[in-house]
Amino acid sequence: MASKPGILTEWPWTWLGNFKYVVLAPFVGRSIQSLLNREDGSKIDIGYLIIFPFLLFRMLHNQIWISLSRYRTAKGDNRILDKTIEFDQVDRERNWDDQILLNGLLFYYGYMKLEQSHYLPIWRSDGIVLTALLHIGPVEFLYYWLHRALHHHFLYSRYHSHHHSSIVTEPITSVIHPFAEHIAYFLLFSIPLLTTVVTKTASIVSFGGYITYIDFMNNMGHCNFEIIPKWMFSTFPPLKYLMYTPSYHSLHHTQFRTNYSLFMPIYDYIYGTLDKSSDTLYEKSLERQGKSPDVVHLTHLTTPESIYHLRLGFASFASEPYTSKWYFWLMWPVTLWSMMVTWIYGHTFTVERNVFKNLNLQTWAIPKYRVQYFMQWQRETINNLIEEAIMEADQKGIKVLSLGLLNQDEKLNNNGEVYIRRHPQIKVKLVDGSSLAVAVVLNSIPKGTTQVVLGGHLSKVANSIALALCQGGVKVMALREEEYKKLKSNLTPEAAINLLHSKTYNSKIWLVGDGLNEDEQLKAPKGTLFIPFSQFPPRKTRKDCFYFHTPAMITPKHFENVDSCENWLPRRVMSAWRMAGIVHAVEDWQEHECGNMMFDIEKVWKASLDHGFQPISVASASESKA
């Protein structure tokens, strides 16, 4: 919001929240009714019917730019600014679709009031030429002076400062303005539209093409990576007066008093407001190569819907912990399409870029879903993808690669040991994060606890937790007899005394992993605290119990460029497995942590605290009550 919000700052439908789209319902319904009620043989008004589909197209167009920008800036090639984006910017820009909603309402209103807008032809050359001339002339000229006026301290503090709160821009930053400012912009951009309607030269192509051009240039100018090739300007030198570049407009967001033009820099040249470093920044950004990261976290998709929660997906969804939403079923065509793409695309892709002290971090994702990791016929393919990612990291000189989620599954690759055996010469250190996961779970158990229940499938982490607790004199009660026998075989006689198998469970501290079923959860007494030791959280079936987070810690302030949540974890909370790779690199440990290898639990825990990671209070588990 602007520093001193002026009148008409808020959007009229803000109070409707996610139900704001209902304001379009009467108009959409009326357009459909006009189609159903038309007389046989009467002409269909295509322009009226496609208003709503065109609004959906605009949303898709914007989303493509968002995903492309986040992917390109995460990789680093041609990135313009290195400054970070945080959650406050994502929250500020989550209403980017409001301007599309506003345009839709005004289009429908204009159609009802202007009879000349009915039954528009598909194409009219004179209308397209007129639209272009009116944009180059009046629109660009008036916008330039409107923009300069908005930078006057009176208007800037009340309106335009909201837009400039984002120093590092994303495509959707282009439309983040107060309501009153958008009204002014619409009046400006309506000059070519209304003129062609009144002169009866308008067409569906001139309308749709002009609005798409505005969206395209707006998104491109705020994408934070240089995309315009040099040959375009060398082939046609006057183009530099007619088309700006992302780096050109980026300077406006960092310098504030230069490069005011809309899309055509000609007026900055004429009125002397061109930033002198425009050409230099353009050349520098175009030639820039992304830096190889120091640490990579290798994760994978979880559910078909998880594609929307990736940082490359919907920014607002990614900024919140992953939860399944009822309206996702409406998006099944997109979900199905994304699943097909992941099946066809056989390579890891970059999801996120972060900074931790002097370390550059990246998150890579395997294009496979959780369910595929349990399919026998998919395991070889998945292992090959993981191995390719490891070898790519080694070739790039990456120090540490941490294996997240099921990429370190014991049945799949023995916690990553398979790759070390195949490539003993690799320099990149593989980390499965088990030691830190154990440390986090042990330190999540309330002080003074004398007995715990251990349930779910056993794993490297579960075995280590049971060993540490039994050696520390804490009674560990195994839910299942077979798990009890397996655990006992791995314990010393002294420690095994504290391992029990009982059918009565009085303890209210349950350490749980994958495979904990509903019947087992029902055995827990009221008020039980479920502390997961697995990568995935248990299904919450008890409303009278509390569910803690999967092993994770709160990140320090020097962990930067954080604008998305890691799966189901809260904001600025990182899984122990991902965190382990960072700690490994900062401490410059030279060993792999794979297979049966475990680091000293106290050493790993102390190192994580020393570098600013903070444990999550058990009291916060009440927020996770089912």
Side-chain angles (χ1 to χ4, degrees), residues 86-87 294-299 311 319-322 352 354-357 359 361-363 400-405 408 431-447 449 459-462 464-465 468-469 509 511-513 529-538 546-587 589 593 598-624:
E86 303 294 335
F87 283 113
D294 301 295
V295 181
V296 165
H297 180 65
L298 188 64
T299 185
R311 187 178 180 273
S319 67
E320 302 292 342
Y322 170 67
E352 190 173 1
N354 303 107
V355 178
F356 186 89
K357 295 183 177 178
L359 294 178
L361 318 176
Q362 279 186 357
T363 299
V400 177
L401 187 144
S402 55
L403 299 170
L405 298 181
Q408 46 139 307
V431 174
D432 68 6
S434 297
S435 304
L436 188 51
V438 171
V440 171
V441 173
L442 292 176
N443 284 277
S444 298
I445 299 172
K447 300 295 183 183
T449 299
S459 63
K460 178 181 175 181
V461 172
S464 299
I465 290 171
L469 290 174
I509 304 298
L511 309 182
V512 297
L529 173 63
F530 292 101
I531 303 177
F533 57 75
S534 56
Q535 300 266 14
F536 292 86
F546 301 97
Y547 293 81
F548 200 50
H549 304 296
T550 51
M553 296 181 74
I554 301 170
T555 58
K557 291 183 178 179
H558 50 261
F559 179 60
E560 301 177 61
N561 202 43
V562 187
D563 56 13
S564 61
C565 293
E566 184 181 353
N567 297 317
W568 39 82
L569 294 173
R571 290 181 170 186
R572 295 200 68 86
V573 171
M574 184 186 295
S575 70
W577 293 273
R578 183 181 177 188
M579 188 170 50
I582 299 174
V583 174
H584 201 100
V586 175
E587 290 291 319
W589 291 331
E593 187 189 13
M598 288 285 292
F599 290 156
D600 180 85
I601 305 301
E602 286 300 322
K603 176 183 176 182
V604 172
W605 178 250
K606 183 178 183 301
S608 65
L609 295 177
D610 288 345
H611 292 293
F613 292 99
Q614 301 173 19
I616 304 173
S617 170
V618 174
S620 67
S622 59
E623 299 175 5
S624 301

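Here the side chains of Val438 and Ser435 are not in contact, with every heavy-atom distance at 4.5 Å or above. The closest side-chain heavy-atom distance from Gln408 to Val431 is not below 4.5 Å. You'll find the side chain of Ile509 reaches within 4.5 Å of the side chain of Pro446, heavy atoms only. Considering only heavy atoms from C-beta on, Asn567 comes within 4.5 Å of Leu405 through its side chain. Side-chain contact check for Pro556 versus Gln614: every heavy-atom pair is 4.5 Å or farther apart. At least one side-chain heavy atom of Leu609 sits under 4.5 Å from a side-chain heavy atom of Pro615. The closest side-chain heavy-atom distance from Glu593 to Ser434 is below 4.5 Å. Arg311 places a side-chain heavy atom less than 4.5 Å from the side chain of Asp563.
Relative ring orientation between Phe559 and Phe356 is described as tilted, the plane-to-plane angle lying within the 30° to 60° band. Between Trp589 and Phe599, the ring-plane angle classifies as perpendicular under the 30° and 60° cut-offs.
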With side-chain contact (heavy atoms from CB on, under 4.5 Å) as the criterion, how do Ser564 and Glu352 come out once you've worked through the C-alpha distance, each side chain's angles and the decisive distance to 0.1 Å?
CA-CA 9 Å; Ser564 61; Glu352 190 173 1; 3.4 Å; yes

Using side-chain contact (heavy atoms from CB on, under 4.5 Å), reason through Leu469 and Leu511 one step at a time and then give a plain yes or no.
CA-CA 11 Å; Leu469 290 174; Leu511 309 182; 3.7 Å; yes

Apply side-chain contact (heavy atoms from CB on, under 4.5 Å) to residues Leu436 and Trp577 and explain how you reach the verdict.
CA-CA 7 Å; Leu436 188 51; Trp577 293 273; over 6 Å; no

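Residue Lys606 places its NZ atom among 12 or fewer non-hydrogen atoms of other residues, nucleotides or ligands, all under 6.0 Å distant.
With sequence neighbours excluded, the residues satisfying side-chain contact (heavy atoms from CB on, under 4.5 Å) with Glu86 are Thr84, Asp88, Glu560, Val562, Arg572. By the side-chain contact (heavy atoms from CB on, under 4.5 Å) test, Pro321 is found to be paired with Cys565, residues two or more places apart in sequence or in another chain being considered. The side chain to side chain donor-acceptor pair (under 3.5 Å) test applied to Lys603 returns no partner, not counting sequence neighbours.
For the atom pair CG of Leu569 and OG1 of Thr550, the computed distance is 4.5 Å after rounding to the nearest 0.5 Å.
Residue Val296 forms a side-chain contact (heavy atoms from CB on, under 4.5 Å) with just one option from Leu361, Val400, Leu401, and that option is Leu401. The side-chain hydrogen bond (donor to acceptor under 3.5 Å, both in side chains) with Arg578 is formed by just one residue from the set Asn354, Thr299, Thr555; it is Asn354.
The minimum heavy-atom distance between Ile582 and Leu359, with the atom names listed, is O-CD1, 4.2 Å. Taking each heavy atom of Ala580 and Gly433 in turn, the nearest pair found is CB-CA, 3.5 Å. Taking both residues in full, the closest heavy atoms of Pro538 and Val512 are given as CG-CG2, 4.1 Å, listed atom of the first, atom of the second, then distance. The two atoms that bring Leu442 and Ala468 nearest to each other are CD1-CB, 3.7 Å, heavy atoms only.
Put simply, the side chain of Ser464 gets close to the backbone of Lys460: a donor and an acceptor are under 3.5 Å apart. Distance alone, capped at 3.5 Å, is enough to place a donor-acceptor pair between the His558 side chain and the His611 backbone. The closest donor-acceptor contact from the side chain of Glu566 to the backbone of Ser575 lies under 3.5 Å. Of the possible polar contacts, one joining the Arg571 side chain to the Ser319 backbone as a donor-acceptor pair under 3.5 Å is found.
Counting only N and O atoms by type, the side chains of Gln362 and His297 include no donor and acceptor under 3.5 Å apart.
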